[in-house]
Each structure stands twice: as C-alpha cells, then as structure tokens.
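Working notes, beginning with the structure itself.
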Amino acid sequence: MKVATRTLACAAALMMLGTMASAQSNAPTNNLPDPYKRIANWAKMPQGRFWGASAGVDIDPDGKSVWALDRCGQNSCAGSKVDPILKFDASGKLIKSFGGGMFVFPHGIAVDREGNVWVTDGQGKDGMGHQVIKFSSDGKELMRLGKAGVAGNGHDTFNMPSDVLIAPNGDIFIADGHGGTSNNRIVKFDKTGKYIKEWGVKGTAPGQFDIPHALAMDSQGRLFVGNRNNNRIDIFDQDGEFLTSWAQFSRPSGIHIAADDTIYVCDSESESVSKNHDGWKRGMRIGSAKDGSVKYFIPDPIDVSDTTSAAEGCAVDKDGVLYGAEVGPRTLMKYVLK
C-alpha cells in the first residue's frame with residue numbers, strides 16, 4: 001500500500017510539473033541565450049558523393065561516434081543503391097556505411113544499447129518501404145517489422161512510420177504516421193518483435209496525434225512523442241497512459257533526451273511549412289525533461305522560409321556536442337559550446 005501511495009504521489013507531482021510547464025507555454029520561447037557555434041562540413045562524404053536530405057541522427061554506445069541517415073544524395077532512396085546509413089567518428093571520418101538498395105525513404109534512426117541500428121522507412125514504392133529494419137552495427141539485417149511495400153494499420157503493417165525507439169528492457173516503440181491518410185498511433189512490440197499494444201488516433205485532444213514524428217525516453221522511462229502538427233510534445237508512460245503535454249518546446253520534428261535529462265528539441269517547420277504556428281521561430285530548444293523548463297535556443301539561420309529548414313533530427317554525444325540532421329539544407333551540422 002505504501003508503494004502504491006508513493007507511486008500515486010509521484011504521478012500527481014509529475015502531472016503538476018507538466019501542468020505548470022504547459023501553463024508557461026502560451027508565449028513563443030524565442031528570446032533565450034544561444035551558447036553554441038555551428039561547425040559545417042565536418043562530416044566527410046566519400047569522394048564524388050554529396051549529402052542529400054538528412055532527417056535522422058543518433059549516437060553510438062561509445063558515446064562519440066555518430067550515426068546518420070542520408071537520403072542517397074537527394075530526398076529519396078527509391079531506385080538507388082547508395083548506402084543511406086552512415087557512421088562517422090568524432091572528427092568526421094566516415095567509418096562505415098550500409099543499407100543500399102533497401103529503402104525508399106529512410107526517416108528515423110535509433111541505436112540501441114547493444115549498438116544495433118534501427119531505421120524506419122517512411123514511404124512505400126515498388127514492393128519496398130513502410131517498415132522498420134534492425135541491423136547489427138556491421139550492417140547485417142537482424143529483424144524487419146511491417147510488410148514490405150504494404151501500407152496498413154494492422155499489427156504487422158505500418159503506414160509511413162516516422163521514428164523508432166528501443167526501451168532499456170528491449171521493448172520497441174514505433175511512431176507510425178507522417179500526415180495525409182497515414183496512421184496516427186504509437187505501436188509497441190517486445191524485443192522479439194511480438195506485438196504488444198498500440199494507442200492513438202488522429203485529433204487534437206490529449207492523447208491524440210497529428211503526425212507523431214519523433215520519440216524519446218527520459219530517465220524515468222516516460223515516453224516523449226513529438227506530436228508535430230499539434231505543435232506539442234505528448235508524454236506517456238510505457239503502457240500508453242497519457243501524462244501531460246508540453247507546448248513550450250515549439251513544433252517538434254526531433255527530440256533527444258540525454259542521460260542527465262537535458263532535452264533537445266528541433267523545430268524545422270514553424271513559420272515555414274506550418275501555417276498554424278506563426279510567431280514561433282524555427283531552431284533547437286534546449287531545456288529540462290524533469291520540469292519542462294526551456295533554457296536555450298539555437299535559431300535557424302534562415303528567419304522565414306517556405307520549406308523545411310535546419311535540423312529535423314538531433315542527437316547529443318557524451319561530451320555535450322550537438323548534431324543536427326538537416327533536410328532542407330542537406331547536411332549534418334555540428335554544434336559545440338562557444
């Protein structure tokens with residue numbers, strides 16, 4: 001009974017923190033310090049190859065190496081044999097690449113504690129796509145979730161999956177949907193790929209989604225969902241119980257939560273693609289996943305754009321070096337403290 005009472009008290013406290021954070025979110029969080037400087041062209045492609053759209057980035061278990069997605073020198077890998085999954089060391093040297101000829105639209109990437117690399121394929125064409133593929137760190141295919149080229153909303157099909165996250169116990173969470181007539185749900189599997197449950201429908205109410213675009217998990221095991229077209233982060237427990245929403249981090253395309261619960265949220269669409277979020281500037285907001293406070297803001301170098309710009313995915317290494325995977329500018333940007 002004491003344990004249950006403490007659990008309820010903790011849950012109430014978390015809800016109160018979330019409510020306080022949401023209450024502070026009416027005004028755009030644009031005027032905050034920017035302690036970072038950009039380092040462009042640090043990641044070196046092989047001779048003759050150029051960056052395409054890069055929507056996903058994550059850090060290797062070594063804490064320093066960087067995994068990134070490149071859409072085969074353009075904004076799609078359909079019909080290409082170019083490797084879209086790339087690993088760089090901290091100096092920008094390309095260590096390895098794989099996945100050529102296996103993807104239509106590589107979108108989300110996650111590296112688990114064992115170093116396995118998980119990638120979502122967010123479109124379908126010619127019998128490929130609408131899947132999540134797990135690779136070993138050497139590029140060996142280990143698992144596929146979803147049916148190749150089949151868009152659906154069943155237990156074994158997806159429709160434009162955006163992101164994937166692996167919990168510490170190995171459970172798999174997939175953000176399934178990317179607008180249009182695609183899905184708007186979170187699907188949970190165990191570590192073997194066995195379906196457990198799902199939650200979410202399209203809508204604006206608490207617990208409903210309109211493009212669940214990004215996933216992250218904090219030290220408490222709470223699941224953070226970048227509910228992009230609703231301009232908020234929704235927070236759930238791992239059984240799908242809705243806890244709270246945060247709007248103060250703006251329109252989330254990507255989310256990364258570090259081991260100390262520092263949260264990094266990249267907004268690549270406000271005042272550009274989005275027509276319902278004017279007044280909020282694009283860029284990366286950095287704060288605390290514990291209390292929802294926003295402390296820093298790295299503004300997009302282009303103030304107003306008519307397309308996606310700057311980072312759509314973000315990740316931070318063990319030394320606090322921040323990486324942004326950029327779709328519009330087609331690069332992998334590096335940020336270090338000034």
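Using a cut-off of 4.0 Å between Lys/Arg side-chain N and Asp/Glu carboxylate O, D267 and K281 are scored as not salt-bridged. In summary, K93 and D89 do not engage in a salt bridge, as defined by a charged side-chain N under 4.0 Å from a carboxylate O. Between D319 and K64 there is a salt bridge, with a side-chain nitrogen of the basic residue lying less than 4.0 Å from a carboxylate oxygen of the acidic one.
The two residues H213 and D163 have their closest heavy-atom pair at O-CB, 3.8 Å.
For the residue pair R251/N230, the side-chain donor-acceptor check at 3.5 Å is not satisfied. Side-chain atoms of S245 and D234 include a donor-acceptor pair closer than 3.5 Å.
Within 6.0 Å of CG on N31 lie no more than 12 heavy atoms contributed by other residues, nucleotides or ligands. Applying the 6.0 Å contact sphere to NZ of K96 captures more than 12 heavy atoms from other residues, nucleotides or ligands. For F98, the CZ atom sits in a packed shell: over 12 heavy atoms of surrounding residues, nucleotides or ligands are nearer than 6.0 Å.
Residues satisfying the side chain to side chain contact (heavy atoms under 4.5 Å, CB included) test with S76, not counting sequence neighbours, are A78. Remark: V201 pairs with Q208 by the side chain to side chain contact (heavy atoms under 4.5 Å, CB included) rule, at least two apart or across chains.
If you take OG1 on T120 and CG on L215, they are separated by 9.5 Å, rounding to the nearest 0.5 Å.
Within the structure, every pair that satisfies the disulfide bond (SG atoms under 2.5 Å apart) test and touches residues 74-108, not counting sequence neighbours, is listed here: C72-C77.
Two rings, from W280 and F297, have their centers 6.0 Å or more apart. Ring centroids of Y36 and Y264 are separated by 6.0 Å or more, keeping the two rings apart.
A donor-acceptor pair under 3.5 Å links the side-chain atoms of S182 to the main chain of H178, judged by distance alone.
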